[in-house]
Chemist: 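Here you go, one structure.
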Amino acid sequence: MNGFGDPLSEIVRGIRSGNRRMLAKMITLVESALPEHQAKAQEILDELLPFTGNVVRLGISGVPGVGKSTFIESLGMLLIQQGKRVAVLAVDPSSTRSGGSILADKTRMEKLSVEPNAFIRPSPSGGTLGGVARKTRETMLICEAAGFDVIIVETVGVGQSEVAVASMVDFFLVLMLAGAGDEIQGIKKGILEMADAIAINKADGDNLERADLARKDYQNALRLLMPSSAVWQPSVLTCSAIEMKGIDTIWETVLDHRAKMMASGLLMQNRKKQAVAWLWSLIEEGLKERFHRHPLVQESLKACLAEVESGKTTPAAAATRLLDLLDRSR
Ligand code: GDP
């Protein structure tokens with residue numbers, strides 16, 4: 001028996017009591033493509049929702065090789081020493097591989113992966129970014145209901161995955177390297193808008209001075225580029241993930257941000273906004289799926305595309321015709 005036949009209440013109870021087998025089972029349910037699994041997962045998620053939210057949701061991004069897994073291992077161990085429970089998840093739609101590394105890979109977080117208070121789950125594989133992000137969001141909620149205190153979501157510093165992760169976390173940390181080309185030119189405004197902090201990693205050995213210079217450059221760039229907020233000014237820090245230096249300061253920054261966001265009411269406001277944006281993206285995705293699945297659309301789509309290509313009809317007219325089919329059934 002695969003266990004998915006367990007009564008709902010038993011699964012909910014199991015997850016809430018921190019039963020790892022149940023937790024893993026539930027995540028498999030969320031990741032399943034089968035409609036009956038999806039339906040059951042949604043039902044259980046609704047039951048779990050009241051027990052979520054009391055966590056720190058931390059997103060971590062950076063190019064492959066910047067030291068994400070080393071950093072997460074160091075931060076994770078620090079948090080565990082403080083008596084916290086830590087879950088590490090990932091969003092990577094590119095077949096879960098980026099530059100040869102698998103995000104949230106247990107073998108790359110050797111110490112953390114054997115800790116009973118840590119839970120590491122690699123990115124769900126396959127599918128669109130939207131699909132992968134949805135599964136990770138739901139897995140995050142399950143981990144929250146299971147009593148984890150900190151949820152770390154890892155992603156790669158390229159493209160839309162960062163946007164997806166930034167829109168599911170409370171704090172978005174971007175890891176960078178010193179001397180990787182011209183510092184300032186390398187920063188994209190989009191990243192700065194998302195980052196709550198930038199950490200220059202590998203600030204150790206010969207690299208220490210360069211890392212500090214890079215920190216100052218980034219700090220200046222941030223001041224120039226970013227509008228000032230009364231509540232939070234993104235900070236630029238240095239750290240050595242491998243030597244576990246500066247990791248505590250970064251964690252204190254996360255907590256400081258949290259305290260300020262909570263006091264101003266922005267934390268909850270931000271989460272509400274994220275939930276509504278998520279709702280809309282699910283609706284848009286669902287509509288698209290319904291469109292492509294509709295038998296009349298399937299019948300006419302090819303001909304409509306050909307008519308637009310050959311200039312027989314305008315894209316607008318063809319779109320209206322196809323969309324009108326949604327209101328019709330055979
Ligand atoms: P990821 O691809 O971003 O997850 O990066 P990894 O954590 O796998 O690290 C890539 C390489 O950089 C590995 O060889 C690490 O040992 C090394 N590395 C990571 N953090 C540091 C650091 O703080 N200092 C130094 N010197 N090397 C580091």
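Read the numbers this way: they start at 1 and go in the same order the structure lists the ligands and their atoms.
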Chemist: Quick one: which of Ile200, Thr70, Val63 has a heavy atom closest to atom 15 (C) of ligand 1?
Modeler: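 The nearest heavy atom belongs to Thr70.
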Chemist: Compute the shortest N/O to N/O distance between Glu154 and ligand 1 and return yes if it is under 3.5 Å, no if not.
Modeler: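 Among all N and O atoms of Glu154, none is under 3.5 Å from an N or O of ligand 1.
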Chemist: Verify whether one side chain among Ser123 and Asp92 offers a donor that lies under 3.5 Å from an acceptor in the other.
Modeler: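 Ser123 vs Asp92: no donor-acceptor pair found between side chains.
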Chemist: Salt-bridge test for Lys40 and Glu36: reply yes if a basic N is under 4.0 Å from a carboxylate O, no otherwise.
Modeler: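 No, no charged N to carboxylate O under 4.0 Å.
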Chemist: For the residue pair Arg137 and Trp278, would you count it as a cation-pi contact if the rule is NZ or CZ under 6.0 angstrom from the ring centre and within 45 degrees of the ring axis?
Modeler: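 Cation-pi check for Arg137 and Trp278: passes.
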Chemist: Do any nitrogen or oxygen atoms of Glu243 come within less than 3.5 Å of a nitrogen or oxygen of ligand 1?
Modeler: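 N/O-N/O distance under 3.5 Å: no.
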Chemist: Which atoms from ligand 1 have a heavy atom of Asp204 less than 4.0 Å away?
Modeler: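 Those atoms are 22 (C), 23 (O), 24 (N), 25 (C), 26 (N).
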Chemist: So if I count the atoms of ligand 1 from 1 in the order they appear, which ones are less than 4.0 Å from some heavy atom of Asn201?
Modeler: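 This gives 20 (N), 21 (C), 23 (O) as the contact atoms.
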Chemist: Holding to side chain to side chain contact (heavy atoms under 4.5 Å, CB included), I want the full list of residues that pass it with Arg16, two or more places apart in sequence or in another chain.
Modeler: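 Partners of Arg16 under the side chain to side chain contact (heavy atoms under 4.5 Å, CB included) test: Val12, Leu48, Phe51.
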Chemist: State whether a side-chain donor-acceptor pair under 3.5 Å links Glu162 with Ser61.
Modeler: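 Checked: Glu162/Ser61 side chains pair up, N/O donor to acceptor below 3.5 Å.
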Chemist: Given Gly67, Gly62, Gly246, which one has a non-hydrogen atom that is nearest to atom 6 (P) of ligand 1?
Modeler: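 Minimum heavy-atom distance to atom 6 (P) of ligand 1 goes to Gly67.
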Chemist: Examine Ile242 against ligand 1 and note whether any of their N/O atoms are separated by less than 3.5 Å.
Modeler: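 Looking only at distances, the answer is yes, because the N/O contact criterion of under 3.5 Å is met.
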Chemist: Any nitrogen or oxygen of Ala241, main chain or side chain, under 3.5 Å from a nitrogen or oxygen of ligand 1?
Modeler: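 Yes, at least one N or O pair falls under 3.5 Å.
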Chemist: Quick test of your reading of the structure: of Ser240, Pro64, Gly65, whose heavy atom lies closest to atom 10 (C) of ligand 1?
Modeler: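 The nearest heavy atom belongs to Gly65.
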Chemist: Throw together a table of side-chain donor-acceptor distances under 3.5 angstrom for residues 300-311, partners on residues two or more places apart or in other chains.
Modeler:
unit_1	atom_1	unit_2	atom_2	d
Ser300	OG	Leu296	O	2.9
Glu307	OE1	Arg321	NH2	3.0
Ser310	OG	Ala306	O	3.0
Ser310	OG	Glu307	O	3.3

Chemist: Are Glu289 and Arg293 close enough for a salt bridge, meaning some N to O gap below 4.0 Å?
Modeler: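 Yes, charged N to carboxylate O under 4.0 Å.
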